[in-house]
Amino acid sequence: MYDVTIARDPSPNTVIRRDQGLVWHPYTPLRCPPPYEVMGAAGVSLALRAHDGTRYDVIDGMSSWWSVIHGYGHPTLDAAITDQLGRFSHVMFGGLTHEPAVRLAEQLVGLTPEPLQHVFFADSGSVAVEVALKLARQYQSASGRPERRRFAALRGGYHGDTTGAMGVTDPIDGQSDVFSGMSADALFLPRPPAAYLSGRELVSEERALGQWVSEVTHMLERERRDLAGVIVEPVLQGAGGMFVYAPECVRALRRLTEALDLVLIFDEIATGFGRTGRLFAAEWAGVSPDIMCVGKALTGGYLSLAAMLCTTEVAERLSRDVPRPLLHGPTFMANPLACAVANTSLELLTADWEPRVRAIEFALGKALRAARRLNAVREVRVIGGVAAIELNRQVDIPAVTDAALRAGAWLRPFRNLVYTMPPYVCTPDETATIGRAMVSAIAEVHG
Ligand SMILES: Cc1ncc(COP(=O)(O)O)c(C=O)c1O
């Protein structure tokens with residue numbers, strides 16, 4: 001059993017006081033409910049201090065937004081970054097290259113679906129999505145179809161917060177009016193039918209599937225002349241609601257994009273590197289995209305880095321008649337420290353991700369069974385290293401966060417969801433503590 005530590009510290013929390021009204025936190029007003037101060041992070045634990053001085057030693061159920069898969073302060077990752085620090089920490093990538101970047105590109109090409117052979121390094125997931133969208137537009141233009149400019153995306157999808165990525169993200173939170181006109185209007189395809197794990201397969205209702213495929217076929221055929229491509233998170237929509245959908249929909253999109261000369265982009269920034277129980281979520285559908293974006297777990301949670309991969313057909317089309325550059329080049333592209341730590345993170349990952357993720361899936365499935373009995377719970381979903389409890393109401397976020405901390409886990413609920421994506425190094429006991437904290441926090445706050 002994981003030992004939860006809660007202690008009182010009577011001295012005033014000056015960091016939180018200085019923070020308030022000075023710095024913005026993600027998706028919050030400047031004067032938001034006080035955050036927790038991080039006093040330390042080691043293994044799967046976070047040492048937190050609240051504004052009233054309460055100290056919590058808890059398990060990180062969020063893997064720091066799904067990136068810290070090997071835990072905090074991993075000695076092998078620390079050594080990799082320190083070693084690179086002793087050589088050089090940053091160089092521009094224009095006209096220069098270095099071993100950590102080349103090795104990482106080789107590893108990524110080796111791990112991702114076989115047709116993906118070329119790599120562009122970006123400094124965050126959103127930027128990787130921007131680059132993917134730009135490459136798809138350049139591909140269509142180089143193919144003599146410059147009028148194909150828009151993208152199709154799924155209702156419920158999330159692809160990042162930069163303007164291009166925002167344009168293909170479902171404006172589900174209803175705040176997008178402020179930004180109207182900043183990004184091109186996407187063609188939003190209906191949300192695919194939900195899917196459920198049955199043994200090791202994802203199944204969904206046949207009739208709903210058939211309807212979805214025929215509606216989407218009609219929409220894409222109707223709009224094909226304007227469209228450059230289709231972007232989706234395969235099988236699992238993350239920030240859009242931890243929603244699992246039918247692999248058959250991914251296969252249908254592959255068939256349609258091929259038939260209509262559209263570029264198919266898989267955003268595997270959240271799902272990649274084992275999170276759904278397959279190394280890439282695309283494997284559930286058994287298809288490969290033209291372009292894929294990866295990030296988050298790639299970094300081991302150390303330094304911001306993401307990548308876009310594409311097929312030779314896409315890469316070489318750009319230069320078919322005249323050599324054309326891919327028009328992007330951030331200052332911190334392929335940062336050597338980030339690449340060095342990502343290389344080691346991938347080596348750790350490939351050693352044992354599968355049994356670890358399977359053990360997490362098993363422990364969460366067991367711990368969350370109790371949630372199904374709660375009145376406030378609409379649905380419980382578990383797939384690989386992701387578990388979500390969907391409520392039939394909005395979550396009281398500060399109250400559930402506080403109750404979960406007292407039960408031993410750091411969680412960050414949103415909308416009507418309490419969810420976890422634990423670090424892969426969580427033991428079954430630690431994972432069970434996260435699961436129990438989710439259930440007891442909902443029971444305490446929402447009944
Ligand atoms: C599927 C997906 N795409 C893109 C992003 C954006 O990545 P980043 O926050 O690194 O910009 C996220 C982040 O949550 C994501 O889940």
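Whatever order the structure lists ligands and atoms in, that order sets their numbers, starting from 1. Every heavy atom of this structure was used, including side-chain atoms; hydrogens, water molecules and symmetry mates were not. This structure is a prediction, so every number in the text was calculated from the model and none was measured.
- Under 4.0 Å from ligand 1, not a single heavy atom of Ala239 appears.
- Scanning the protein heavy atoms around atom 11 (O) of ligand 1, the nearest turns out to be Ser126 OG, 2.6 Å.
- Which parts of ligand 1 touch His159 is read off a 4.0 Å heavy-atom cut-off, strictly below it: atoms 3 (N), 4 (C).
- No heavy atom of Gln237 sits closer than 4.0 Å to any atom of ligand 1.
- The closest side-chain heavy-atom distance from Ile69 to Arg275 is below 4.5 Å.
- The two residues Leu305 and Ala342 make their nearest non-hydrogen contact at CD2-CB, 3.9 Å.
- Protein heavy atom at the shortest distance from atom 12 (C) of ligand 1 is Tyr158 CE2, 3.5 Å.
- Annotation: Phe273 is in aromatic contact with Phe280 [ring centroid separation under 6.0 Å].
- For the pair Arg191 and Phe243, the distance from NZ or CZ to the six-membered ring centre is under 6.0 Å and the angle to the ring normal is within 45 degrees.
- Judged purely by distance below 3.5 Å, without hydrogens or angles, the side chains of Ser143 and Arg317 pair a donor atom with an acceptor atom.
- No more than 12 heavy atoms of other residues, nucleotides or ligands shown are found within 6.0 angstrom of CG on Asp185.
- Atoms of ligand 1 lying under 4.0 Å from at least one heavy atom of Ser124, given by number and element, are 10 (O), 11 (O).
- There is a side-chain donor-acceptor pair under 3.5 Å between Tyr72 and Ser64.
- In this structure, the protein non-hydrogen atom closest to atom 10 (O) of ligand 1 is Gly125 N, 2.8 Å.
- If you number the atoms of ligand 1 from 1 as listed, the ones under 4.0 Å from a heavy atom of Ala270 come out as 16 (O).
- Interface of Asp267 with ligand 1, defined as ligand atoms under 4.0 Å from a residue heavy atom, comprises 1 (C), 2 (C), 3 (N), 4 (C).
- Close contacts of ligand 1 with Lys296, meaning ligand atoms under 4.0 Å from a residue heavy atom, involve 12 (C), 13 (C), 14 (O), 16 (O).
- Here Glu233 has side-chain heavy atoms under 4.0 Å from ligand 1, and that is the only part of it that gets that close.
- Heavy-atom contacts of Gly160 reach the following atoms of ligand 1: 4 (C), 6 (C) (cutoff under 4.0 Å).
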- Query: Gln140 and Arg149: side chain to side chain donor-acceptor pair (under 3.5 Å), yes or no, with the steps?
  - Reply: CA-CA 8 Å; Gln140 293 293 6; Arg149 298 172 153 200; over 6 Å; no
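- Residue Trp66 places a heavy atom under 4.0 Å from ligand 1.
- With hydrogens and angles left out, the side-chain atoms of Tyr424 and Asp352 include no donor and acceptor closer than 3.5 Å.
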